[in-house]
Each structure stands twice: as structure tokens, then as C-alpha cells.
Amino acid sequence: RFATFQGQNSNVLVKYVPSDFIRASTDEMATLEAIFAREEQLGSSNCGAAKAAFNAIVDLCGIFKRSSIHDVCNCIIKHFGPDRFHYLYHIDQSDNSDRVLCIKTGNDIQYDEEFYKFLCKTYGADLRDRIFFFVDNRNVIGKDIPFQLIYQKHYGLALFTKSVVIAHDVDDFSKIWQAMGRSRTMNQTEFSIYKSDIPESLQDDDGVAHDIKSLELTRLLYVANCDRKMAGNISSIYLTLIALFNLAQESFYYNDKIVNVFLDKMEDTINGKVSVHEKELVHCVLGNVVPAGILQHIVTDKFKKSSSAVVSQERLDEAKLEMLLRHIVRQKYEQRLPSHDIFDDLLLFLSGEQRSLMEISYTKQHQKQKQKQQNKNQDSDAMGVFDEKHQLSIKLSSKNYFEDSRGGLEDEAKSMLNLPISVPILTLGYTLGGQQRTIDVYPTLQFIYSHHIHQEYVGDEVKDVIRSKKTFDEHYTSFLQVVARKKSENGNTQVNEAGVASSGNGMPTHFTCNSETNYVRQNPQYTLAALEPGVYVIGMKDQFNLFDLHMQRSRKNIQYIVDDMGFVLFDRTASRSVDTFGPYFIEQYLVMEMLTKHEVAQNVIEYYLDHKETLQRGLDSYDEKQGKGFICWRFLINETAKAMAAAKTEAASKEDGEEPMEQKQLDGDLDDEMESVSKKMKHDSSDDSEE
């Protein structure tokens with residue numbers, strides 16, 4: 001069976017290496033260096049060479065998840081020196097793209113066909129000795145590392161000379177095999193598999209790799225994996241029940257009466273429907289000799305494979321089989337409560353790897369999504385836990401949260417998360433046209449409960465605000481009072497319709513901007529609610545939006561809402577001026593520039609300083625059909641170009657004492673102007689790329 005499982009990879013050489021030393025290590029890079037040393041020692045003992053005999057590490061269980069690729073690069077330089085490897089391959093964690101880090105210069109570039117050809121031209125067949133592959137394989141259903149088969153076809157060698165798979169506490173052999181499969185040339189690549197808790201009788205001290213089929217530990221892991229897969233999951237055993245129901249009914253299709261589980265739960269009708277469904281299956285499946293016999297044979301055979309003696313020795317009579325069927329149906333629809341008897345153990349075994357009441361999907365896309373979520377959960381401890389003095393515990397209880405969630409402002413949990421904290425998390429001071437202004441950004445409680453902030457923000461002042469025993473309405477009233485007092489102390493004045501002082505060409509006479517306070521990490525995902533000039537509340541992505549605005553106590557004070565990309569989600573100001581409070585107001589883009597360095601914000605600020613009047617003219621003629629805000633930059637810039645062309649044409653006509661040009665001539669000038677604006681934008685973009 002294992003030979004069939006291997007397929008064409010029938011001559012795979014493997015050595016299992018004990019990894020128990022990893023548990024005692026508190027430093028990830030110290031662990032990596034220890035692995036380097038062990039592999040170097042094995043390579044020296046086998047071939048008498050002083051250099052390492054491998055060029056790939058596949059991290060299957062997230063041993064190095066806290067470390068950056070630059071940390072790995074420094075460890076390679078420290079152990080092997082700067083000349084052993086020239087490039088370090090890695091997978092970008094944000095978009096899963098293939099990247100290569102130059103070890104000497106630190107430049108990180110795309111690992112594409114053009115760069116691969118450059119490497120082949122530079123190193124030829126020695127390429128595999130100059131590039132080190134560091135693969136984060138926690139997303140086990142992932143893409144292949146490119147150009148391996150091309151390299152093998154061209155040079156007759158495997159790109160992976162030897163691959164080290166860090167399996168450690170992973171017992172699922174299929175995942176270990178998939179991690180090994182990162183090498184597309186498994187028959188030509190030697191493997192070291194680092195695994196914990198290897199029985200002493202199965203440890204091999206000769207340091208030589210053997211055919212994976214001949215190793216007893218492989219048999220142990222593979223058989224255990226087969227037994228585990230044999231259990232399936234609740235979804236698979238439930239589909240078996242449906243198939244047996246169809247058999248009893250002599251029907252090919254099944255008409256499910258429970259169509260939308262979520263709505264049935266919200267309307268509190270799910271329990272009744274499940275009870276009816278349960279009785280239907282008992283009557284049709286167990287009331288027929290053939291389907292009942294098939295079901296008993298299937299579950300009994302599954303239970304025999306269990307490592308638990310309680311499950312494997314259980315013998316099902318008719319009464320227990322009926323109870324088991326009812327438990328399966330209730331667990332499928334998440335309506336089962338623990339029974340504290342043998343059926344808890346049986347259902348746990350039938351859940352397989354699931355180990356919960358949640359459902360498992362079978363499509364590859366769903367498997368990827370599930371794996372991605374598991375990785376996020378696995379990485380949650382890598383985000384860094386706040387120091388105890390910066391932690392804050394809040395508790396709320398609800399008898400029926402579904403019912404509370406319908407109550408709008410009566411939903412205490414949502415009301416608590418929506419509360420604004422009257423201590424600014426970001427304060428910007430800027431001077432424009434000789435007038436000094438301050439921007440204060442206040443966070444919601446939900447924004448504090450995220451990885452977007454620095455822990456130092458949660459100090460005594462913030463804790464006192466949150467712990468104050470006030471009703472939600474009293475808390476928000478107090479917030480408005482603190483904001484008004486702070487604005488008065490800062491001497492902030494509301495921007496009037498006349499705008500700021502400017503020079504003759506419409507450009508502000510003086511502009512400076514500096515961050516006085518900033519506890520927000522770079523590139524957060526957020527929504528920003530604007531209350532008045534200089535006063536903004538920042539929340540999580542989608543926390544502020546048009547549809548949930550009625551659930552915000554600040555709904556009457558919120559004038560417009562934007563997100564981190566610049567999209568305008570709500571606006572009641574109807575303002576279309578860069579100097580007047582609204583979605584085009586310059587303050588919003590100063591905040592965006594500080595938090596995300598977004599290109600839109602940089603363009604708006606630059607045009608505001610250098611071409612303000614022209615930008616305003618384009619804004620005046622923009623009909624907002626494509627959307628609100630400067631996120632619609634390319635549509636706005638068209639209007640700006642038209643305004644610039646019209647202004648030049650009018651000025652030229654007045655200077656020559658002539659009548660305004662005909663439309664055809666004006667269109668020609670417009671084309672020239674559009675080209676100049678386009679060139680400027682490309683020039684700006686290229687400058688940003690170089691930076």
C-alpha cells in the first residue's frame with residue numbers, strides 16, 4: 001500500500017533525526033544553527049567534506065515563525081560565512097510569492113524566469129551550491145518551488161541536494177510527505193526528517209540515509225496515519241447516512257429540508273428540524289435490514305482502528321446504533337451537548353482531525369482556507385503578548401447573544417467595542433498658511449483589542465477611562481466633553497470656507513507636519529470616522545459603515561467615514577473642497593500618509609502644495625459618478641487636466657486680445673496637458689519605486 005502511495009517517488013532516501021533538543025531551546029536562531037551544525041557533522045562523516053551537504057530547510061511546524069528572513073540570512077552568514085551561499089530563497093508571507101534575498105546586498109527580489117536565467121548564466125550547474133532554500137511549509141497545500149524540473153532536465157541534477165524537513169511534533173505522515181514533496185525530484189534528493197519522541201529502538205546512529213520503505217518508523221507513522229484517516233469526520237459519516245437513506249428510499253437524490261442552518265439558528269427553528277430529520281433517518285435506515293447492516297459494519301470497522309481501548313472494544317447493539325445515529329445527526333448540525341458517556345468517545349473518534357463541532361470541507365480551496373486560518377491561529381502567539389502592566393481585562397455576560405444582537409444600541413458587547421477612548425492614540429501637528437492646527441485621532445475599544453497598536457498606549461490613563469463605572473451614554477457624553485476641552489486647550493479653530501492663507505499662485509505659503517503622539521503600528525486596516533476638523537475616531541476594518549451607523553452612539557456626530565484605502569463609506573457634509581471639512585479635506589490624507597504611506601495620500605498632498613487651485617478646479621467639475629474621495633484619483637486627474645488646459649487657453653487668449661479658441665484647438669491643448677500630467681504621475685511612481 002505504501003509503494004502505491006509513493007507513486008513514481010519509489011527510491012527516496014531518508015534519515016530520521018531526533019528533534020527533542022528543540023523543546024529546550026528558547027532562541028529560534030540558536031535552534032537553526034544547531035541544525036546547521038548537525039547536518040554539517042553528518043555531511044562530514046559521510047563524505048569527508050567540511051562544508052554542509054544540504055541546501056534546503058522545510059519548516060513544517062512553524063519552529064521559526066517568529067523570525068524574519070533577514071534573521072535567517074544573518075544565521076547563514078554567521079555559520080557558513082558570506083561566500084558559501086549567495087542567495088536565499090523564501091516565500092513571501094503576505095502574498096505567497098517566490099522571493100530571493102541577496103545575502104551580500106540584502107536586496108529582496110522576485111524569483112521569476114528572468115532571474116532564474118540570470119542565475120543559470122552566472123553559475124551554471126553550480127547554481128544549487130549558491131542558493132539556499134528556506135521554505136515555510138505550514139501551508140501544506142501549497143505551490144511548488146519553481147524551476148526544479150527545468151534545472152534537472154538541463155543539468156541532470158536535483159536543485160535540492162539535500163532537504164531538511166522539520167517535522168518535530170507533527171505526527172501526520174501525509175503532511176510530512178507533502179513537505180518532502182517540496183522537492184520535485186524526490187528520488188534524487190536526500191532527506192533528513194527531524195522528529196521528536198522517536199523510540200530508542202527505532203533510532204539509527206549510523207548517519208546513513210536508507211530507503212524510506214525499509215525504515216520501521218515510516219511504517220509506524222504511515223499505519224497510524226491510515227488509521228486516523230479511516231475515522232474520517234462527522235461530515236463523511238453523515239453523508240454515509242444520507243447515502244443509506246437514499247438506498248432505503250430507492251432514490252438517487254436527497255431533498256434536504258434544512259437548507260440554511262444559519263437562518264434556522266437565528267430563528268430558533270433548527271432544533272425542531274433536526275429532531276424531525278433524526279427520526280426520519282432512524283426510521284428509514286435502521287428500519288431496513290440492508291442499510292442497517294451496512295451502517296453497523298462501517299462504524300464497527302472504524303472503531304476497531306481506534307487507538308483507544310474504550311472505542312475499539314465497544315460492541316454496538318441495535319439500541320446503541322440508534323443512539324449513535326442520533327448523536328451523529330445532532331453533532332452535524334451543532335445541536336449536540338456532551339452526554340458524558342461512551343458516545344462522547346465514539347463521536348470524538350468519528351470527528352477525526354476535526355476534534356470540534358465545526359464542519360470540515362472537502363474542496364481543495366476550502367482546505368487551503370482552513371489551513372490558512374490554522375496558520376493564523378498558530379501565529380497568534382507570534383504577534384507578541386502585551387506586558388502585564390499594559391493588559392486590561394473586560395468581561396460582559398449575555399443570556400442570549402443572538403437576541404441581544406438584534407437590539408441595536410442594546411447590544412452591550414457591540415456597544416462596548418464601539419466606545420471611543422478619550423485619550424488620543426495619534427496626534428499630528430501641522431502648520432498651513434501660517435496657521436497651526438492639531439489632529440487628534442481617538443481609538444475605539446475594539447481597535448485597542450488588536451495587533452495594530454503599541455502596548456504603551458494602554459497605560460493608567462486609558463485604563464481609568466475604560467474602568468470608569470458609567471453607562472454607555474454617559475461615557476460618550478464624557479468623551480465629547482474631553483474632546484471639546486482638549487480642542488480649546490490646543491487653540492484649534494475650525495477651518496472656514498475661505499480656506500487657508502495662500503500665495504498668489506494658490507499654493508500655501510508654509511507647510512509643516514509632525515507626529516506628536518503615535519501608538520499605531522504601520523499599515524493598519526482601519527475605518528476612520530470624522531466628527532469635526534481635527535477630531536477623528538479610528539476603528540477596525542468595517543467597524544464604521546453606513547449600514548451599522550444606527551448602532552453607533554456617535555451616529556449624530558459622525559460627518560463622514562473613510563477606510564484605509566481612501567474609499568468614502570458615508571458622507572453627510574456634501575463638501576467638495578480641499579480646505580473645507582469633508583471627504584476631500586487635506587487632514588484626512590495627512591492621517592492616511594502617517595498610517596499607511598498610501599500613494600493616493602502622497603499624490604493629494606503633493607498636488608495640494610504645488611497645484612492647489614488647479615486641483616480644486618478639477619474637483620469642482622468632478623461629478624462623483626465614479627465615487628467619492630481622492631481614491632478616484634485617475635478620474636479626478638482627468639478633470640484637473642481639463643481645468644489646466646482651459647486655464648492656459650483662456651490666459652493665452654486674453655494675452656493676445658483674441659477670442660477664446662475653438663473647441664478643436666482646446667481639445668488639442670487638453671491632450672498635451674493630459675500627457676504632461678500622466679508623465680508627472682509616472683515620474684512620481686518611478687521615484688517611489690526607487691525609494
Side-chain angles (χ1 to χ4, degrees), residues 169 171-172 224 227-242 244-245 256-258 260-286 292 295-362 366 370 373-374 377-378 380 395-405 413:
D169 55 359
D171 293 322
D172 188 338
D227 290 344
R228 191 183 301 114
K229 299 300 181 185
M230 180 76 175
N233 52 38
I234 290 298
S235 180
S236 64
I237 193 65
Y238 172 78
L239 290 177
T240 301
L241 292 178
I242 296 300
L244 293 173
F245 176 83
D256 198 345
K257 297 177 179 62
I258 305 176
N260 194 317
V261 177
F262 177 76
L263 287 180
D264 285 332
K265 287 180 179 178
M266 293 293 289
E267 295 171 357
D268 203 19
T269 58
I270 184 67
N271 197 37
K273 290 186 176 182
V274 169
S275 296
V276 173
H277 182 45
E278 180 183 310
K279 292 176 182 177
E280 183 182 47
L281 289 176
V282 169
H283 175 72
C284 293
V285 175
L286 300 185
L295 177 62
Q296 184 157 20
H297 175 76
I298 289 174
V299 293
T300 301
D301 193 51
K302 283 179 178 287
F303 293 154
K304 287 179 181 179
K305 301 293 185 180
S306 174
S307 58
S308 169
V310 175
V311 176
S312 61
Q313 296 174 8
E314 180 62 27
R315 298 293 178 263
L316 294 176
D317 54 24
E318 291 184 6
K320 285 186 177 181
L321 187 62
E322 179 181 338
M323 288 299 298
L324 178 62
L325 185 151
R326 294 179 181 273
H327 280 287
I328 290 172
V329 175
R330 292 205 158 269
Q331 176 118 335
K332 161 66 181 176
Y333 291 101
E334 303 176 10
Q335 298 302 302
R336 179 183 179 272
L337 296 175
S339 57
H340 305 291
D341 54 20
I342 183 61
F343 293 102
D344 282 347
D345 296 319
L346 298 181
L347 266 291
L348 184 63
F349 175 74
L350 290 176
S351 297
E353 293 179 339
Q354 189 174 332
R355 302 294 183 183
S356 73
L357 296 178
M358 300 302 292
E359 195 59 73
I360 284 185
S361 300
Y362 284 96
H366 281 127
K370 174 176 174 286
Q373 185 59 48
Q374 285 180 344
N377 296 338
Q378 199 177 48
S380 60
K395 294 182 180 179
L396 285 175
S397 60
S398 174
K399 293 182 179 179
N400 187 340
Y401 183 68
F402 283 128
E403 191 63 34
D404 290 349
S405 64

Is the shortest side-chain heavy-atom distance between [X] and [Y] below 4.5 Å?
X	Y	answer
F343	R336	yes
D264	V274	no
K265	V261	yes

Point to revise | D344 CG: over 12 foreign heavy atoms closer than 6.0 Å | key: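 Yes, CG of D344 has more than 12 neighbouring heavy atoms, counting only those of other groups under 6.0 Å.
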
Review point. When you look at CD of E267, are more than 12 heavy atoms from neighbouring residues, nucleotides or ligands closer to it than 6.0 Å?
Key: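 Correct, the count exceeds 12.
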
Point to revise | side-chain contact (heavy atoms from CB on, under 4.5 Å) between L321 and V299, worked out | key: CA-CA 9 Å; L321 187 62; V299 293; 4.1 Å; yes

Practice item. Take V282 and R326, measure what side-chain contact (heavy atoms from CB on, under 4.5 Å) needs, and give me the verdict at the end. Key: CA-CA 8 Å; V282 169; R326 294 179 181 273; 4.0 Å; yes

Could you grab the distance from atom [atom1] of [X] to atom [atom2] of [Y], nearest 0.5 Å is fine?
X	Y	atom1	atom2	answer
I234	L348	CD1	CG	9.5 Å
L346	K302	CG	NZ	13.0 Å
Y333	I270	OH	CD1	7.0 Å
L295	I237	CG	CD1	6.0 Å
Q335	H277	CD	NE2	12.5 Å
I328	Y238	CD1	OH	11.0 Å

Check your understanding: So among R330, Q331, M323, which one has a side chain to side chain contact (heavy atoms under 4.5 Å, CB included) with H327?
Key ->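 Filter result, single survivor: M323.
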
Practice item. State which residue, out of I298, L324, V310, fulfils the side chain to side chain contact (heavy atoms under 4.5 Å, CB included) condition with F303. Key: L324

Review point. Looking at S312 and S306, what are the two nearest heavy atoms and their distance?
Key: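 S312 and S306 have their closest heavy atoms at CB-O, 3.7 Å.
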
Review point. Between Q296 (side chain) and L316 (backbone), is there a donor-acceptor pair under 3.5 Å?
Key: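 Checked: pair present.
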
